[in-house]
Amino acid sequence: MKEEVKRLVETLELVPHPEGGYYRETYRSRDSIPSHLLENQQQGDRNVCTCIYFLLTSDSFSAFHKIQQDEIWHFYKGAPIELHQISPTGQYTKSLIGNYLAAGHTPQLVVPGGSWFAAAISAPGSYALVGCTVAPGFDFQDFIFADREALLLAFPEHIDIIKRYTRS
C-alpha cells in the first residue's frame with residue numbers, strides 16, 4: 001500500500017489535507033455566485049462549483065467537520081470508505097462508498113450541507129482515492145472542524161462515533 005499511496009500522491013500532486021488524508025483541487029469554476037444570492041449567506045461570493053481529488057489511508061481518518069454546501073463523493077479506486085454523518089437534527093447514518101455494489105456500496109454519495117461528517121477506511125493497510133465536488137464551490141471559510149465537547153453535548157446519543165472521529 002505505501003508504494004501505491006506514494007505513487008498517487010506524487011502523480012496527482014496531492015498535499016496533506018487539514019482534516020486528514022491528501023488532496024488537490026482539480027477544478028474551480030470561473031463563474032461565481034454573489035453572496036447575497038446564497039441560501040446560507042456565506043461571507044463573500046462563491047464559485048459555482050469546485051472539485052478535488054481526496055486520498056485517505058487506513059492510517060488516518062477524516063475528522064468530523066461540516067460545510068454549508070452539499071458535497072458529492074465519487075469513488076475511484078481502493079478500499080471502501082465508511083462515511084459517517086450526523087444531520088443537524090441528530091440523525092446518524094453510515095454509508096459505504098466503494099465499487100462493490102453487491103455488498104451495498106455506493107460509488108457516489110451526497111453529504112447534505114450543514115451535516116457533520118467523518119470518513120475512514122476500516123480495512124487495515126488500505127487506501128481509497130475519491131473525488132469530492134462541492135456546489136456552491138468550496139472555500140475554507142466554510143470549513144468547520146467539530147469541537148468534540150460541543151458535538152458530544154449536542155448529540156450525546158452518538159458518543160462512541162464522535163469520540164472515535166474527532167481530535168481532542
Side-chain angles (χ1 to χ4, degrees), residues 8-57 60-78 81-99 105-121 128-155 158 161-162 165-168:
L8 287 168
V9 167
E10 290 174 359
T11 302
L12 299 175
E13 301 175 6
L14 306 177
V15 296
H17 196 291
E19 75 190 49
Y22 302 89
Y23 82 108
R24 178 172 64 90
E25 185 174 272
T26 58
Y27 176 74
R28 181 169 290 274
S29 65
R30 284 181 274 173
D31 294 332
S32 62
I33 304 168
S35 62
H36 72 276
L37 295 177
L38 295 169
E39 184 176 307
N40 295 312
Q41 296 298 306
Q42 288 97 341
Q43 296 292 321
D45 299 348
R46 291 293 177 271
N47 298 86
V48 172
C49 182
T50 56
C51 191
I52 65 168
Y53 286 131
F54 183 60
L55 177 70
L56 192 60
T57 70
S60 66
F61 61 87
S62 171
F64 269 110
H65 63 285
K66 71 177 177 176
I67 58 175
Q68 294 303 316
Q69 307 91 314
D70 293 345
E71 182 169 324
I72 308 162
W73 289 57
H74 313 267
F75 186 81
Y76 297 141
K77 68 181 293 184
I81 290 179
E82 293 179 357
L83 194 118
H84 305 274
Q85 296 179 62
I86 302 174
S87 74
T89 60
Q91 180 180 359
Y92 169 78
T93 55
K94 175 183 166 185
S95 303
L96 291 173
I97 304 170
N99 59 8
H105 300 178
T106 182
Q108 189 178 87
L109 179 81
V110 176
V111 176
S115 294
W116 292 102
F117 61 105
I121 298 171
L129 177 65
V130 298
C132 297
T133 303
V134 176
F138 177 81
D139 188 298
F140 271 105
Q141 292 181 64
D142 305 324
F143 186 88
I144 302 168
F145 264 121
D147 174 82
R148 177 182 282 179
E149 295 308 315
L151 209 55
L152 286 170
L153 194 59
F155 308 112
H158 305 307
I161 203 74
I162 290 170
Y165 295 112
T166 53
R167 294 182 169 87
S168 52

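Judged as a salt bridge (charged side-chain N to carboxylate O under 4.0 Å, His left out), and not counting sequence neighbours, the contacts of E82 are K94.
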Discussion item. Let's go through L153 and E149 carefully: what are the C-alpha distance in whole Å and the side-chain angles of both, what is the deciding distance for side chain to side chain contact (heavy atoms under 4.5 Å, CB included) to 0.1 Å, and is it a yes or a no?
Written reply: CA-CA 6 Å; L153 194 59; E149 295 308 315; over 6 Å; no

Worksheet item: Does the pair K66 and D142 meet the rule for a salt bridge (Lys or Arg N to Asp or Glu O under 4.0 Å), with working shown?
Response: CA-CA 8 Å; K66 71 177 177 176; D142 305 324; over 6 Å; no

Item to complete: Starting from the C-alpha separation in whole Å, work towards a yes-or-no answer on side chain to side chain contact (heavy atoms under 4.5 Å, CB included) for I97 and H105.
Response: CA-CA 5 Å; I97 304 170; H105 300 178; over 6 Å; no

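Put simply, the side chain of I33 does not reach to within 4.5 Å of the side chain of N47, judged on heavy atoms. A heavy-atom distance below 4.5 Å is found between the side chains of H84 and Y92. A heavy-atom distance below 4.5 Å is found between the side chains of P18 and F145. Contact check for E71 versus F117: side-chain heavy atoms found under the 4.5 Å cut-off.
Residue T133 is tested with Q69, Q108, H74 for a side-chain hydrogen bond (donor to acceptor under 3.5 Å, both in side chains); the sole match is H74.
Formation of a donor-acceptor pair under 3.5 Å by the S32 side chain with backbone atoms of D45 is not found in this model. Using a distance-only test at 3.5 Å, with no hydrogens or angles considered, a donor-acceptor pair links the side chain of R148 to the main chain of T166. The backbone N or O of V111 lies less than 3.5 Å from no partner atom in the side chain of S115, so there is not a single donor-acceptor pair. Formation of a donor-acceptor pair under 3.5 Å by the D70 side chain with backbone atoms of G113 is found in this model.
The cationic atom of R24 (NZ for Lys, CZ for Arg) does not lie both less than 6.0 Å from the six-membered ring centre of F54 and within 45° of the ring axis.
With a 6.0 Å radius and a threshold of 12 heavy atoms from other residues, nucleotides or ligands, Y53 has its OH atom at or below the threshold. Annotation: Q91, atom CD; neighbour count of heavy atoms from other residues, nucleotides and ligands within 6.0 Å does not exceed 12. Around CZ of F61, the count of heavy atoms belonging to other residues, nucleotides or ligands within 6.0 Å exceeds 12.
Within the structure, every pair that satisfies the side-chain hydrogen bond (donor to acceptor under 3.5 Å, both in side chains) test and touches residues 11-20, not counting sequence neighbours, is listed here: E19-S62, E19-H65.
When all heavy atoms are compared, the tightest approach of A128 to I121 is N-CD1, 3.3 Å. Between A63 and R167, the shortest heavy-atom distance links the atoms CB-NH1, 2.9 Å. F155 and I162 make their closest contact through O-CD1, 3.6 Å (heavy atoms, listed as atom of the first residue, atom of the second, distance).
The CD atom of Q85 lies 12.0 Å from the CD1 atom of I161; values are rounded to the nearest 0.5 Å.
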